[in-house]
Amino acid sequence: MDTTSGTTAFEDWDGSIAGARALQAALARKVRLEDDFASPPRLIAGFDVGFEDGGETTRAAAVLLDGDSAELRHACVARVPTSMPYVPGLLSFRELPALFAALALLPETPDLVFVDGQGIAHPRRLGIAAHFGVVTGLPCIGVAKKPLVGTADGVLGDERGARVPLRHRGEQIGWLLRSKPICLPLVVSPGHRVSMTTAVEMTMRYVGRYRLPEPTRQADAVASRRPGAAPVV
DNA sequence: GCGACAG
DNA sequence: ATCTTGTCGC
């Protein structure tokens, strides 16, 4: 895949909002929800996006962590001109170009990827994590801080690891996961080549002492330029 | 028609 | 997402 143009994922897109929704519906059919990745993963990755210049520049962070120890192995940042405004439901059209640029900077291909945002927990089942997975072919999991659509199927427990299905139009599209006591639950959903059950289990597997799982937390720190973030190479 | 709405 | 200080408490 050519990750330099920044438009690779949208070759069939006519540029319209209706066209974007149609493309999502078509790509959603290519999402695979069966586990299909090296398990246990040897190398995992985290992706997140931030902005500069009042939004004119999109900054994407990609980090690589050891799949066993969760130790940080690599961190990089890519910058691309922002090409679209934020439209609820069409986030991937705004942020994917930067994510592809960041992916191209990684020295190795991860076995499993965590993206900040929804997987299939989306109106047309193609949140940014699912879109990224289908286009790159990489196993992906979406970890969002709040839901876009869907309602909790039951009452979420207070203890660490408690989870409840997130449903939409009669089907489970993800989970509400209490990764840490007292904190608001995370919204976890499969993106591509990962099952519903494995999506939550892998997420909890990499949750340390913070609300976000390490891959996403590290990428978030780099993308948001927080002090203490991993030095970018 | 009204309200909601990942980042 | 981003703009921003202090403050309360598991």
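Each chain gets a letter, A, B and so on, in the order the sequences are listed, and its residues count up from 1.
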Checklist entry - For DNA chain C, which nucleotides open and close the run of contacts to chain A, 5' to 3', at under 4.0 angstrom from a non-hydrogen atom? => result C:dA1 to C:dC10
Item to check | A:L126-A:I17 co-clustered via ILVMFWY side chain contacts under 4.5 Å | outcome: yes
Checklist entry - Looking at residues at least two apart in the chain, or sitting in another chain, which of them share a ring-ring contact (aromatic ring centres under 6.0 Å, His included) with A:H122? => result none
Checklist entry - Given that A:A223 and A:I182 both sit by DNA chain C, which one's nearest nucleotide is further toward the 5' end? => result A:A223
Checklist entry - Under a cut-off of 3.5 Å for both distances of each Watson-Crick or G-U pair, what dot-bracket string does DNA chain B give, using [ ] for crossing pairs and | for inter-strand pairs? => result .......
Checklist entry - Is A:L177 reachable from A:Y210 through a run of I, L, V, M, F, W or Y residues, each pair having side-chain heavy atoms under 4.5 Å apart? => result no
Checklist outcome for this item: What residues 183-209 of chain A contributes to the DNA chain B interface at heavy-atom separation below 4.0 Å is none
Checklist entry - Hey, do the aromatic rings of A:F47 and A:F114 have their centres closer than 6.0 Å? => result no
Item to check | Residues that A:R124 engages under salt bridge (Lys or Arg N to Asp or Glu O under 4.0 Å), provided they are two or more places apart | outcome: none
Checklist entry - Considering residues, nucleotides and ligands other than A:E56, do more than 12 of their heavy atoms fall under 6.0 Å from its CD? => result no
Checklist entry - Taking the six-membered ring for Trp, is the centroid-to-centroid distance between A:H192 and A:F37 below 6.0 Å? => result no
Checklist outcome for this item: So CD1 of A:I141 and CE of A:M196: to nearest 0.5 Å the spacing works out to 11.5 Å
Checklist entry - At their closest point, which heavy atom of A:V63 faces which heavy atom of A:P215, and how far apart are they? => result CG2-O, 3.5 Å
Checklist entry - So, A:D116 versus A:T216: side-chain donor-acceptor pair below 3.5 Å or not? => result no
Checklist entry - Under 6.0 Å from the CZ atom of A:R209, do we count more than 12 heavy atoms belonging to anything else shown? => result no
Next on the checklist: Is there a path of hydrophobic side-chain contacts, each under 4.5 Å between heavy atoms of I/L/V/M/F/W/Y residues, joining A:I120 to A:V187?
Outcome noted: no
Item to check | Per-nucleotide protein contact string for nucleotides 2-7 of chain B (B base, S sugar-phosphate only, - none; heavy atom under 4.0 Å) | outcome: ---BBB
